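A, B, ... follow the sequence lines: proteins, then strands. Residue 1 opens every chain. Everything quoted here is computed from the prediction, not taken from an experiment.
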Amino acid sequence: MKKIIKTTILTVFLILIMPAENQAQHPEGLDHEGYYFSKEIMGEFDQIVDRVIAMFKEEQFGVVSELNMDETLNNKLGTQLKRYKILGMCNPGYAYKAMQAEPNIGLMLPCKVLIREIDGETCVVSAIDPESTMKTINNPELDQIAKKVSEHFKRAMEEL
Amino acid sequence: MKDFYISTRVTGADFSQVLDKVIEALKSEGFGVLTEIDVRKTLKEKIDVEFRNYKILGACNPHFAYKALQSEEMIGTMLPCNIVVQERQEGTVEVAAVDPIASMSAVENPDLKDIALEVKDKLERVIRSV
């Protein structure tokens, strides 16, 4: 029930702040599986990466780590993976609060956002949903922080 | 509280020496350190707070990472596996590794569980050797 109310509020908020043409461009498109938000985006890989970085920046999250998993694995194992980038996103204020609530939460930080190349014209962007992954720790204080971060991530993903 | 990590505490030790030892131990289990975040430095620079010595190492064993990606393409949202080295009080350094079984429990995929178990074994050996 809480979730429905939250989603409704968020949807109303997004409708209010989004110009009509943007809504038409990205009608639904955001998948929310158990542990991540995901969206298929048309466009060139590097441009999508830039857009992801810009959208998360709008939500006050900066990139603190960047990993090209395809390069790492292709070099080490001789595989032929398509582009697969893992960005570590961090908002220092939330990270600080989370580490005060749970000293070892650094084990789940920074929060990851993936950009995967499907073909030359399509990529899939997926962001972890910390509200769902950190729930397993059973720390109510941490849950509150994770919930806020998930709201930021959801918004960044919807705006993408 | 359910533990989501495996950890040990080293007393009478210097932070950077423990850090080096952890990196070596990871290497001998086939993990390379792909990312290293200096939390103390980042927090000081970004929000001007004093924080204890705290490093987040992102470790990756390419064989396991590849297997994990093959069975769950979104698993990159949980990679690389993190190891935290932090100074809990002067002279006491805690080393913790994520328990992949616990952290990947949100993912319903039986193939992934087998891989997570193998990785957990390796990370446990790393923690024991520090």
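Using a 4.5 Å cut-off between heavy atoms, B:L69 touches chain A through its side chain atoms alone. In this structure, chain A has no heavy atom under 4.5 Å from any part of B:C81. Using a 4.5 Å cut-off between heavy atoms, A:S126 contacts chain B through both its backbone and its side chain. At a 4.5 Å heavy-atom cutoff, the contact between B:V39 and chain A is made by side-chain atoms alone. In this structure, chain B has a heavy atom under 4.5 Å from the side chain of A:V124, while its backbone stays farther away. Interface remark: B:L34 contributes backbone and side-chain atoms alike to the contact with chain A (heavy atom separation under 4.5 Å). Contacts of B:E36 with chain A are absent, with no heavy-atom separation under 4.5 Å from either backbone or side chain. Heavy-atom distances place no part of A:I115 under 4.5 Å from chain B, backbone and side chain included. Interface residue B:V49: only side-chain heavy atoms are found under 4.5 Å from chain A.
Among the candidates B:T42, B:V107, B:D99, the residue making the largest number of heavy-atom pairs closer than 4.5 Å to chain A is B:V107. The candidate from A:M134, A:M69, A:K76, A:M99 with the greatest count of non-hydrogen atom pairs under 4.5 Å with chain B is A:M99. Contacts with chain A were tallied for B:R52, B:E73, B:E94; B:E73 has the most, counting heavy-atom pairs under 4.5 Å. Interface summary for chain B: among A:S132, A:A95, A:P110, A:P103, the most heavy-atom pairs under 4.5 angstrom belong to A:P103. Contact tally against chain A (heavy-atom pairs below 4.5 Å) for B:M104, B:K46, B:R88, B:M74: the top residue is B:M74. Of all the listed residues (A:N104, A:L114, A:L77), the one sharing the greatest number of non-hydrogen pairs under 4.5 Å with chain B is A:N104.
Between the side chain of B:N61 and the main chain of B:F31, no donor-acceptor pair closer than 3.5 Å is present.
Contact check on A:E151 versus A:K154 returns no salt bridge, with no Lys/Arg side-chain nitrogen under 4.0 Å from an Asp/Glu carboxylate oxygen. Electrostatic pairing of A:R83 and A:D46 counts as a salt bridge here, judged by a charged N lying under 4.0 Å from a carboxylate O. B:E29 and B:K122 are joined by a salt bridge, as a carboxylate oxygen and a charged side-chain nitrogen come within less than 4.0 angstrom of each other.
Cluster membership check: B:L57 does not share its hydrophobic cluster with B:Y54, using side-chain heavy-atom separations under 4.5 Å among Ile, Leu, Val, Met, Phe, Trp and Tyr.
Side chains of B:E72 and B:I115 form no contact here, defined as non-hydrogen atoms less than 4.5 Å apart. For the pair B:Q70 and A:L81, the minimum side-chain heavy-atom distance is below 4.5 Å.
The aromatic rings of A:Y94 and A:F61 sit parallel, their planes meeting at an angle under 30°, below the 60° perpendicular limit.
More than 12 heavy atoms of other residues, nucleotides or ligands shown are found within 6.0 angstrom of CD on A:E44.
With rounding to the nearest 0.5 Å, the separation of CD1 in B:I83 from OG in B:S7 is 12.5 Å.
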